[in-house]
Protein chains: 2
Amino acid sequence: MDAENILAEHGLRNTEARHGVLDVFNKYDYALSHSDLEKELQKYFDRVTIYRTIHSFLDKGIIHKVIDDSESAKYALCADECSSDRHHDNHVHFKCAKCGNSECLNHVQIPSINVPKGYLVSESNLLIEGVCASCN
Amino acid sequence: MDAENILAEHGLRNTEARHGVLDVFNKYDYALSHSDLEKELQKYFDRVTIYRTIHSFLDKGIIHKVIDDSESAKYALCADECSSDRHHDNHVHFKCAKCGNSECLNHVQIPSINVPKGYLVSESNLLIEGVCASCN
DNA sequence: ATACTTTTGCAACTGAGTTTCATTTATGAG
DNA sequence: CTCATAAATGAAACTCAGTTGCAAAAGTAT
Ligand SMILES: [Mn+2]
Ligand SMILES: [Mn+2]
Ligand SMILES: [Zn+2]
Ligand SMILES: [Zn+2]
């Protein structure tokens with residue numbers, strides 16, 4: 001799906017900054033931080049605009065946060081039909097110790113876990129660290 | 001085990017700051033951030049000392065990092081015999097949406113996951129979000 | 001084309017974490 | 001116990017991620 005349609009379907013105005021950010025996400029197959037985006041886009045857009053774009057994409061279900069022990073937050077495109085109302089990003093994330101990239105293992109589901117009595121689960125987040133297929 | 005022994009066993013000098021930080025960790029049953037520690041200890045020690053204490057405890061295997069989608073890092077005491085050489089913190093972490101606390105579910109192991117061909121796993125980190133037993 | 005609303009740029013700000021260096025403290029040898 | 005040495009601490013300054021307020025610019029519907 002092209003950038004214009006993605007924006008329209010999630011109720012966002014079609015602006016150059018959003019288009020540009022989407023293009024960068026499509027260009028890489030691993031999760032990107034604000035500074036990754038800024039490296040490619042700072043000639044065109046202000047850093048605050050990039051932060052705000054990340055927020056609206058998160059909010060509308062265009063991207064999801066990839067939790068990672070690194071200092072700064074990373075984000076990746078949602079694979080399925082996520083929306084403001086509901087994210088279905090129930091897959092495992094993999095962080096490579098060699099290249100440092102974190103990627104979505106979209107086809108590896110997070111197993112359900114038995115928690116102790118009294119606890120209620122709403123969502124899970126699983127990060128696996130190791131060496132990725134490209135670096136191995 | 002008392003603070004002095006914990007420090008000695010991990011090859012750290014017995015100082016007031018380290019003793020104080022250990023006491024705060026023992027006082028709470030959930031993971032603490034630097035600012036949580038600072039709230040209790042700022043009258044006695046400099047904030048930089050608290051940062052450095054966290055680093056040496058991490059390094060020596062006295063505490064481990066609790067990964068969490070929150071802005072700042074959190075840490076918890078290691079339950080088993082962890083050391084510089086080896087951490088055995090293979091348990092699930094639980095973050096409560098109500099109270100905001102993250103705790104170690106020390107008795108809930110992270111299951112092993114089948115990753116795609118070509119990937120090598122070295123460690124896993126599982127965060128479950130929901131409502132904790134106290135808030136439920 | 002116009003009016004209205006959202007988005008953007010810019011500057012200033014906050015908060016987490018780090019670095020440097022001089023001073024103080026813990027520890028082990030004598 | 002005293003002293004020498006290495007390690008730990010405090011203080012100030014700094015870096016980097018992320019946020020806020022506000023005026024200007026751009027998108028959208030009529
Ligand atoms: Mn993902
Ligand atoms: Mn833990
Ligand atoms: Zn890799
Ligand atoms: Zn709770």
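Chain A is the first sequence line, chain B the second, and so forth, proteins listed ahead of strands; every chain is numbered from 1.
- End-to-end axis angle for the helix from C:dA1-D:dT30 to C:dG30-D:dC1, using five pairs per end and rounding to 10°, comes out at 40°.
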Filtered N/O pairs between nucleotides 28-30 of chain D and protein, under 3.5 Å:
{"from": "D:dT28", "atom 1": "OP1", "to": "A:N14", "atom 2": "N", "distance (Å)": "3.3"}

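- With the nearest nucleotide of DNA chain C identified for both B:S35 and B:E16, B:S35 has the one nearer the 5' end.
- With ring centers used as reference points, B:H64 lies under 6.0 Å from B:H91.
- With a heavy-atom cut-off of 4.0 Å to chain A, the contacted part of DNA chain C has its first and last nucleotide at C:dT5 to C:dA11.
- Using a 4.5 Å cut-off on side-chain heavy atoms (C-beta onward), A:H87 and A:C78 make contact.
- Positionally, the nearest nucleotide of DNA chain D for B:R18 lies more toward the 5' end than for the other of B:R18 and A:A73.
- B:Y51 places its OH atom 15 Å from the P atom of D:dG10, with the value rounded to the nearest Å.
- No donor-acceptor contact under 3.5 angstrom links the side chains of A:Y51 and A:E38, judged on distance only.
- Atom-to-atom, CZ of A:R52 to P of D:dG21 comes out at 11 Å; the value is rounded to the nearest Å.
- Picking from D:dT20, D:dG10, D:dA17 the nucleotide with the shortest atom distance to the side chain of A:R47 gives D:dA17.
- Side-chain contact check for A:N26 and A:D23: no donor-acceptor pair (N or O, by modelled atom type) lies under 3.5 Å.
- The distance between the ring centers of B:Y75 and B:F57 does not fall below 6.0 angstrom.
- Using modelled atom types, one finds a donor on one side chain and an acceptor on the other under 3.5 Å when comparing A:E40 with A:Y28.
- D:dA8 atom C1' lies 17 Å from atom NE2 of B:H19, rounded to whole Å.
- Between A:S33 and D:dA17, a side-chain N or O to OP1/OP2 separation shorter than 4.0 Å is absent.
- A donor and an acceptor atom, one from each side chain of A:S33 and A:D36, are located under 3.5 Å apart.
- Taking 4.0 Å as the cut-off between side-chain N and carboxylate O, B:K95 and B:D69 count as a salt-bridged pair.
- Between B:H55 atom NE2 and D:dA8 atom C1' the separation is 15 Å, expressed in whole Å.
- If you take CD of A:E38 and P of D:dC16, they are 12 Å apart, rounded to a whole angstrom.
- When the P atom of D:dC22 is taken as reference, atom CG of A:D46 falls 18 Å away, rounded to whole Å.
- B:R18 contributes a side-chain N or O that, together with a main-chain N or O of B:R13, makes up a donor-acceptor pair within less than 3.5 Å.
- The 12-atom threshold is not exceeded at CG of A:N114, counting heavy atoms of other residues, nucleotides or ligands nearer than 6.0 Å.
- Contact check for A:I113 versus B:P111: side-chain heavy atoms found under the 4.5 Å cut-off.
- Atom pair A:L58:CG and D:dG18:P shows a separation of 11 Å (rounding to whole Å applied).
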